[in-house]
Amino acid sequence: MINLFITDIDGCLSEPYQPFDLDHFSILRRYAGDASPPTSPGLAPAVSICSGRAYAYVESMTQALSLTCPVLFESGGGMFDPVTAQTTWNPAFTDEVAAELEEVRHWFATDCVPGTKMSLDHAKRTQAGIVTPDTSEIRDLRPRAEAFVEENLPHLVVFSTDNSVDIVPPAITKKTGIAWLCDQLGIAPTETAYIGDTDADLDALLSVGYPFAPANAHKVVREQVPHVTKGKVIHGTVEAYQWCLQHNRRDPDAG
């Protein structure tokens, strides 16, 4: 049985700087409303989010989809429970980690941002991020960020999307975040589905029982994930959720 369905945001629910597909949001919201809590599993998996986005953005997506299951923001740096309206920070986020991320932000602000369309993702606390609508700036920045980390903070990890670069502590990733969420809910990662689209999702995808990638996912993800949807972005996410429903209905132990 698949008892929990987790989705990324960028590339899976929406695309940065593009209008939302409200029709498919409504479909996924309806599925989420019909779902069983992961602690009392039924045929319809509970719906959650695991995103690199900051708290406020993830909280608004949680409200838009009317989710009741806890969700993860900043790639598992924090967890928000929409029922109790409580936020919990990842125990791995220490004062030492915070100081290292401040060093990264200073480098971003002084060496990377001037003269570009890039800006710091000021809302993030447990990772250092930079965003831009210009995808070519991200392609140029990623190798520079990797070189900076290798020289100065080699234990940190660099991830990117088409519109962002994030530098994160190795103990605070989507993989460890999903493990944290599953532990809090009392379920196993093998009972969990996750859909993601970039290299930042790959370890998490390979850690769950049912990994999915939308058709628009990066090539490295599509090549390693067994379930690649025909649809892109939220079309693919709805398609993946429907696959999970059908899987549970076929499960001889379901119900």
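All values below were derived from every heavy atom in this structure, side-chain atoms included, with hydrogens, water molecules and symmetry-related copies excluded. Quantities reported herein were computed from a predicted structural model and do not represent experimental measurements.
To the nearest 0.5 Å, atom CG of residue L245 and atom CZ of residue R250 are 10.5 Å apart. Put simply, CG on N163 and CE on M118 are 12.5 Å apart, with the number rounded to the nearest 0.5 Å. Distance CG/D183 to CD1/I178: 13.5 Å, rounded to 0.5 Å. To the nearest 0.5 Å, atoms CG (N216) and OG1 (T198) are separated by 10.5 Å. With values rounded to the nearest 0.5 angstrom, L141 atom CG is found 11.0 Å from S136 atom OG. Rounding to the nearest 0.5 Å places CD of E59 at 10.5 Å from CG of L67.
With a 4.5 Å cut-off on side-chain heavy atoms, V71 and C50 do not count as touching. Residues P214 and K232 form no side-chain contact, since every pair of their non-hydrogen atoms from C-beta on lies 4.5 Å or further apart. Looking at M61 and V58, their side chains never come closer than 4.5 Å, going by heavy atoms from C-beta outward. Side chains of D81 and Q184 form no contact here, defined as non-hydrogen atoms less than 4.5 Å apart. Residues L185 and C69 are in side-chain contact: their nearest non-hydrogen atoms beyond the backbone lie under 4.5 Å apart. S51 places none of its side-chain heavy atoms less than 4.5 Å from the side chain of F73. W180 has its side chain within reach of P91: a pair of non-hydrogen atoms, C-beta onward, lies under 4.5 Å apart. Inter-residue side-chain proximity for S48 and L72 is flagged as unmet; no heavy-atom pair is nearer than 4.5 Å.
Of all the heavy atoms in C112 and R144, the pair that sits closest is SG-NH2, 4.0 Å. What you find for A217 and A213 is that their closest heavy atoms are CB-CB, 3.8 Å. Closest non-hydrogen pair, S164 versus T161, comes out as OG-OG1, 2.7 Å. Smallest separation of non-hydrogen atoms from V97 and P169: CG1-CG, 3.4 Å. Minimum heavy-atom separation, L101 to Q127: CD1-N, 3.6 Å. In this structure, T68 and V83 approach most closely via the heavy-atom pair O-CG2, 3.3 Å.
Ion pairing between D197 and R222 fails under the 4.0 Å rule for side-chain N and carboxylate O.
Under a 3.5 Å cut-off, the side chain of D203 and the backbone N or O of K175 do not form any donor-acceptor pair. With hydrogens and angles disregarded, a donor-acceptor distance shorter than 3.5 Å links the side chain of T176 to the backbone of T173. Checking side-chain atoms of D34 against main-chain N and O of Y31 turns up no donor-acceptor pair under 3.5 Å. E191 places a side-chain N or O within donor-acceptor distance of the main-chain N or O of A188, the cut-off being under 3.5 Å. A side-chain donor-acceptor contact under 3.5 Å links N248 to the backbone of L43. The closest donor-acceptor contact from the side chain of N3 to the backbone of I187 lies at 3.5 Å or more, if one exists at all. Under the 3.5 Å distance criterion, the side-chain polar atoms of D10 are left unmatched by any main-chain donor or acceptor of E15. Checked by atom type and distance alone, the side chain of N90 never pairs as donor or acceptor with a backbone atom of F93 at under 3.5 Å. Counting only distance, with no hydrogens or angles, the side chain of T237 and the backbone of C12 share a donor-acceptor pair below 3.5 Å. Put simply, the side chain of E239 never gets that close to the backbone of T229: no donor and acceptor are under 3.5 Å apart.
V47 and Y210 fall within the same hydrophobic cluster, defined by Ile, Leu, Val, Met, Phe, Trp and Tyr side-chain heavy atoms under 4.5 Å apart, directly or through other members. Cluster annotation: V158 and F108 are assigned to the same hydrophobic cluster (Ile/Leu/Val/Met/Phe/Trp/Tyr, side-chain heavy-atom contacts under 4.5 Å, transitive). If you chain together hydrophobic residues whose side chains sit under 4.5 Å apart, V208 and L206 fall into the same group. The cluster map of Ile, Leu, Val, Met, Phe, Trp and Tyr, joined by side-chain heavy atoms under 4.5 Å apart, puts L120 and L153 in the same cluster. There is no path of hydrophobic side-chain contacts, each under 4.5 Å, that joins V104 to F159.
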Check against side-chain contact (heavy atoms from CB on, under 4.5 Å), V165 and I138: CA-CA 7 Å; V165 169; I138 295 301; 4.0 Å; yes
After noting the C-alpha distance and the side-chain angles of Y194 and F212, does the key distance pass the ring pair (Phe, Tyr, Trp, His ring centres under 6.0 Å) rule? CA-CA 6 Å; Y194 178 54; F212 292 86; 9.9 Å; no
V149 vs W107, test: side-chain contact (heavy atoms from CB on, under 4.5 Å). Steps then yes/no. CA-CA 11 Å; V149 165; W107 177 72; over 6 Å; no
side-chain contact (heavy atoms from CB on, under 4.5 Å) between I167 and V157, worked out: CA-CA 6 Å; I167 297 179; V157 183; over 6 Å; no
Determine, stepwise, if the pair W243 / I2 fulfils side-chain contact (heavy atoms from CB on, under 4.5 Å). CA-CA 10 Å; W243 188 99; I2 302 170; 4.0 Å; yes
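Under the salt bridge (charged side-chain N to carboxylate O under 4.0 Å, His left out) test applied with D166, the options R53, K124, R105 reduce to a single match, K124. In summary, of the residues considered (D8, L28, V233), a side-chain contact (heavy atoms from CB on, under 4.5 Å) with L13 occurs for L28 alone. Screening I172, V168, T126 against E74 for a side-chain contact (heavy atoms from CB on, under 4.5 Å) leaves a single residue, T126.
In this structure, D95 places its CG atom where only 12 or fewer heavy-atom neighbours from other residues, nucleotides or ligands lie under 6.0 Å away. Enclosure of atom CD in E150 is not indicated, since only 12 or fewer non-hydrogen atoms of other residues, nucleotides or ligands lie within 6.0 angstrom.
The aromatic rings of F5 and Y241 sit perpendicular to each other, their planes meeting at more than 60°, with 30° as the lower class boundary. The aromatic rings of Y57 and F20 sit tilted, their planes meeting at an angle between 30° and 60°.
No hydrogens or angles considered: a donor-acceptor pair under 3.5 Å links the side chains of D21 and H235.
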